[in-house]
**Q** 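Please read through the structure below; I'll follow up with questions.
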Amino acid sequence: MKKSFIFSIILALGFATSALAQEEAVDQTAIQKIKEEGLNKSQVMQTAFYLTDVAGPRLANSPGLKRAENWAANTLRGWGLQNVALEPWGTFGRGWEVQKSYFAMSAPYYHALIASPKAWTPSTKGPIKAEVVLVKADSVADLAKYKGTLAGKIVIFDVNTAITTSFKSDGSRYTDEELAKMTEPAAPRSPNAGGPAPAAMEAMRKQRALRSQINDLLIQENVGLILSNGRGTHGTFFTSNGASYAADAKAVAPEVEMSQEDYLRLLRLVKAGQKVEIEADIQTRFVDSDLTGYNVVAEIPGTDKKLKDQVVMIGAHLDSWHAATGATDNAAGSAVMMEAMRILKSIGFKPKRTIRMALWSAEEQGLYGSRNYVLKHFGDPKTMALTPEQAKVSAYYNLDNGTGKIRGVYLQGNEAIAPIFKSWLAPFADLGATTLTPRNTGGTDHLSFDAVGIPGFQFIQDGIEYNTRTHHTNMDTYDRLIEADLKQAATIVASFVYHSAQRADLLPRKPLPTPAPARQN
């Protein structure tokens, strides 16, 4: 299917208000300036370099995140933005970083292991060299046989998994057919949909309880190190946390996450009765001098006497996981949003409305940065008690789906905005951005705004290698970024912000959400 045919389908979408809407004004002169600056004079890769290679991993409240936040704030000031600040949003908890990380199999032969400490887990007691012991427990009673046998040992667990060969590329872009499919309304959800069946939930609860009791035993036994099988293939593993970041978190044993290839090799050897030894030296550091979380905020102030108190917001989360440098998740989105602000400043734009950018923290732990910002400034989704500021925000635009270029916008059920965005996307059809879908998308910071009735949008992006190779993995590095895609994305974001700031009226809104019901204890 040709792109021109898809675009004609999109133009003809039967959104409820499309037929009645007048053509939305588009400033072609401004778009040409934005394209020239964004596509031919871009600084987005330089920004991404500083946020990844220079700042390092940016786990929430870690020294790496602090480096990135301070660099971003100083850079934004240097570009001439105003009201730049590291704005506190509340208590998060301890920061954490890896200071040394060495793992290798030393017997039956030497082999360097692909692995990383789990976030917020402690150091080993100096360099260790110990035998790998398999722990198998299907119930609490099974744990008794291990008492008094695990001190100083390295523990591995049995897993029922195998690596299968895939004949699909890790990377992909949306096809014309897939984009056309996205323009259709989502299928109605089954009344029983929404989560695992009760039996599955009960099994998961029991498994978590058993694992907690196993961890208690391992602490009591004073094990040297726990090995964990990381999801992923070809040396890629998806990382996670092995302990809480709370200041009063329960103690845990040192634990590493490994590539499946290395983990399964160790497991096969141990199960075959081969003596396996590992040498390791892990040094991690907890940072508890400041438990507060911060967002980076910056503005281009509005100039119209009547409209300057109204706001157009853009944002992306700056925090990442720790096994790499968080390039596609989400230095890419942060660099694009910073670049959009730079583009608008560079072309001398004097917006009618104020333009505000935010780089969020602790998104990975539960959208904490954006949720608490919204709670402070705009309202409480639990009660729908809203502030006067809430009515003055025209829209919030978010980017957090990797390095892929923008292909369109998720309308988040806001059908009235379809004809407006249709006009704003039209000048970028040649760059591959044509699709409007009425559907919702989840999992990132635009939801914090949508929850209090502010039009919040995530752009549709090509997936590239996001879910197969980079998202939360040890491979999420600068080298996975696609320069042309980031330039395209920053240019489109800048144009959307320009037109949102200049249009006569605020963007249309959906009806306010219903307040979240109080939980029954």
Side-chain angles (χ1 to χ4, degrees), residues 56-57 59-64 93-137 143-158 210-230 237 239-259 262-263 265-267 269-270 274-289 291 321-323 474:
L59 191 70
N61 257 19
S62 69
R94 300 177 298 172
W96 178 90
E97 68 174 352
V98 179
Q99 295 186 306
K100 186 176 184 179
S101 179
Y102 169 67
F103 313 95
M105 182 175 72
S106 54
Y109 48 86
Y110 181 86
H111 171 66
L113 300 170
I114 301 173
S116 174
K118 280 194 170 186
W120 288 288
T121 57
S123 307
T124 56
K125 295 178 180 178
I128 62 172
K129 185 174 183 178
E131 184 180 358
V132 178
V133 176
L134 175 63
V135 171
K136 295 183 68 173
L143 298 178
K145 61 186 175 184
Y146 295 106
K147 289 185 178 180
T149 68
L150 299 177
K153 295 294 195 296
I154 294 174
V155 170
I156 194 169
F157 300 101
D158 201 2
L210 177 60
R211 184 56 196 263
S212 177
Q213 290 168 317
I214 291 173
N215 287 338
D216 290 343
L217 171 69
L218 298 181
I219 288 287
Q220 295 165 13
E221 289 290 301
N222 196 26
V223 299
L225 182 65
I226 301 171
L227 307 181
S228 179
N229 182 35
F237 62 89
T239 193
S240 60
N241 61 300
S244 170
Y245 44 80
D248 59 352
K250 181 180 177 180
V252 299
E255 184 172 359
V256 301
E257 210 147 22
M258 303 177 62
S259 72
D262 281 344
Y263 188 93
R265 183 198 307 201
L266 298 177
L267 182 60
L269 287 168
V270 172
Q274 299 290 320
K275 183 177 180 179
V276 178
E277 287 186 343
I278 284 181
E279 54 187 32
D281 188 2
I282 305 168
Q283 298 301 315
T284 62
R285 183 170 77 96
F286 292 88
V287 183
D288 56 10
S289 56
L291 302 181
W321 284 99
H322 62 290
N474 61 320

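Keep in mind the model is a prediction, meaning the values are calculated, not measured. These numbers come from the heavy atoms of this one structure, side chains and all, not from hydrogens, waters or symmetry mates.
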**Q** What's the shortest heavy-atom distance between A115 and M258, and which atoms?
**A**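 Minimum heavy-atom separation between A115 and M258: CB-CG, 3.7 Å.
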**Q** Scan for salt bridge (charged side-chain N to carboxylate O under 4.0 Å, His left out) pairs involving residues 104-126, sequence neighbours excluded, and state none if there are none.
**A**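 Only K118-E255 qualify under salt bridge (charged side-chain N to carboxylate O under 4.0 Å, His left out).
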**Q** Working to the nearest 0.5 Å, report the span between CG of L266 and CD1 of I278.
**A**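 If I round to the nearest 0.5 Å, the distance is 5.0 Å.
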**Q** Looking at G93, is its backbone amide N or carbonyl O close enough to the side chain of N61 to form a donor-acceptor pair, meaning the two atoms are under 3.5 Å apart?
**A**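 Pair found, side chain donor or acceptor close to backbone of G93.
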**Q** Does any part of the side chain of T284, heavy atoms only, come nearer than 4.5 Å to the side chain of S123, both counted from C-beta?
**A**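 Result yes, sub-4.5 Å side-chain heavy-atom pair found.
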**Q** Mind checking what makes side chain to side chain donor-acceptor pair (under 3.5 Å) contact with E221, not counting sequence neighbours?
**A**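 Not a single residue meets the side chain to side chain donor-acceptor pair (under 3.5 Å) criterion with E221.
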**Q** Identify the two heavy atoms, one from P108 and one from L269, that lie closest to each other, and give their separation to 0.1 Å.
**A**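 For P108 versus L269, the nearest heavy atoms are CD-CD1, 4.2 Å.
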**Q** According to side-chain contact (heavy atoms from CB on, under 4.5 Å), who are the partners of E277, at least two apart in sequence or on a separate chain?
**A**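 With neighbours one apart ignored, the set is S106, A107, K129, K275.
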**Q** Holding to ring-ring contact (aromatic ring centres under 6.0 Å, His included), I want the full list of residues that pass it with Y146, two or more places apart in sequence or in another chain.
**A**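 Y146 satisfies ring-ring contact (aromatic ring centres under 6.0 Å, His included) with no other residue.
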**Q** Checking W120 side chain against R94 main chain: does a donor-acceptor pair fall under 3.5 Å?
**A**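 Yes: the side chain of W120 pairs with the backbone of R94.
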**Q** Only counting residues at least two apart or in another chain, list the ones meeting salt bridge (Lys or Arg N to Asp or Glu O under 4.0 Å) with R285.
**A**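 Scan of R285 (salt bridge (Lys or Arg N to Asp or Glu O under 4.0 Å), adjacent residues dropped) gives E97.
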**Q** Could you pull out all residues at least two apart from P127 that satisfy side-chain contact (heavy atoms from CB on, under 4.5 Å)?
**A**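 With sequence neighbours excluded, P127 shows a side-chain contact (heavy atoms from CB on, under 4.5 Å) to D281, given in chain and number order.
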**Q** Considering only heavy atoms from C-beta outward, does the side chain of L59 approach that of W321 to under 4.5 Å?
**A**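 They are in contact (side-chain heavy atoms under 4.5 Å apart), so the answer is yes.
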**Q** Check the pair Q220 / D216 against side-chain contact (heavy atoms from CB on, under 4.5 Å), numbers first and verdict last.
**A** CA-CA 6 Å; Q220 295 165 13; D216 290 343; 4.2 Å; yes
**Q** List for me each residue that meets side-chain contact (heavy atoms from CB on, under 4.5 Å) alongside A60, sequence neighbours excluded, and say none if there are none.
**A**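 Once residues adjacent in sequence are excluded, the partners of A60 under the side-chain contact (heavy atoms from CB on, under 4.5 Å) criterion are F92, A362, Q365.
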**Q** Could you list the residues that satisfy salt bridge (Lys or Arg N to Asp or Glu O under 4.0 Å) with E279, not counting sequence neighbours?
**A**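 Once residues adjacent in sequence are excluded, E279 has no partner under the salt bridge (Lys or Arg N to Asp or Glu O under 4.0 Å) criterion.
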**Q** If the test is side chain to side chain contact (heavy atoms under 4.5 Å, CB included), which one of L218, I282, V155 qualifies with L225?
**A**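 The residue from L218, I282, V155 that satisfies side chain to side chain contact (heavy atoms under 4.5 Å, CB included) with L225 turns out to be I282.
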**Q** If you measure from CD1 on I128 to NZ on K153, what distance do you get to the nearest 0.5 Å?
**A**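 Answer for the CD1-NZ pair, I128 versus K153, is 11.5 Å.
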**Q** Quick check: closest heavy atoms across L210 and A137, and the distance to 0.1 Å?
**A**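 Answer, listing the atom of L210 first, then A137: CD2-O, 3.5 Å.
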**Q** Do L217 and V135 come close enough that some side-chain heavy atom pair is under 4.5 Å?
**A**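 With C-beta onward as the side chain, the pair stays apart.
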**Q** Between A253 and P122, which heavy-atom pair has the shortest distance, and what is it?
**A**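 That would be O-CD, 3.8 Å.
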**Q** Tell me the closest heavy-atom pair linking S244 and A249, and the distance in Å.
**A**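 S244 and A249 have their closest heavy atoms at O-CB, 3.6 Å.
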**Q** Determine whether more than 12 heavy atoms belonging to other residues, nucleotides or ligands lie under 6.0 Å from atom NZ of K145.
**A**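 Yes, enclosed.
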**Q** Here's a test for you: under side chain to side chain contact (heavy atoms under 4.5 Å, CB included), which of D262, I114, V256 qualifies with F103?
**A**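 It is V256, the one option of D262, I114, V256 that forms the side chain to side chain contact (heavy atoms under 4.5 Å, CB included) with F103.
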**Q** Starting at CZ of R265, measure out to NE2 of H111 and round the result to the nearest 0.5 Å.
**A**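 Atom-to-atom, R265:CZ and H111:NE2 are 4.0 Å apart.
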**Q** Please identify each residue that fulfils side chain to side chain donor-acceptor pair (under 3.5 Å) with N215, with sequence neighbours left out.
**A**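 Residues passing side chain to side chain donor-acceptor pair (under 3.5 Å) with N215: R211.
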**Q** Does F157 form a side-chain contact (heavy atoms from CB on, under 4.5 Å) with N229? I'd like the steps, not just the answer.
**A** CA-CA 8 Å; F157 300 101; N229 182 35; over 6 Å; no
**Q** If every non-hydrogen atom of W96 is compared with every non-hydrogen atom of S62, which pair is closest and at what distance?
**A**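 Closest approach of W96 to S62: O-CB, 3.4 Å.
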**Q** Can you find a heavy atom in the side chain of I214 that is under 4.5 Å from one in the side chain of L143?
**A**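 In contact.
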**Q** V252 versus I226: any side-chain heavy-atom pair under 4.5 Å?
**A**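 No, every pair of side-chain atoms sits at 4.5 Å or beyond.
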**Q** Got a donor-acceptor contact below 3.5 angstrom from the S101 side chain to the S116 backbone?
**A**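 A pair under 3.5 Å: no.
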**Q** Taking side-chain contact (heavy atoms from CB on, under 4.5 Å) as the test, write out the residues that go with L134, two or more places apart.
**A**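 Counting only residues at least two positions away or on another chain, L134 forms a side-chain contact (heavy atoms from CB on, under 4.5 Å) with K136, I156, D158, L267, V270, K271.
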**Q** Measure from the side-chain N and O atoms of S259 to the backbone N and O of F237, and report whether any donor-acceptor pair falls under 3.5 Å.
**A**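 Side chain of S259 to backbone of F237, a donor-acceptor pair under 3.5 Å: no, none is there.
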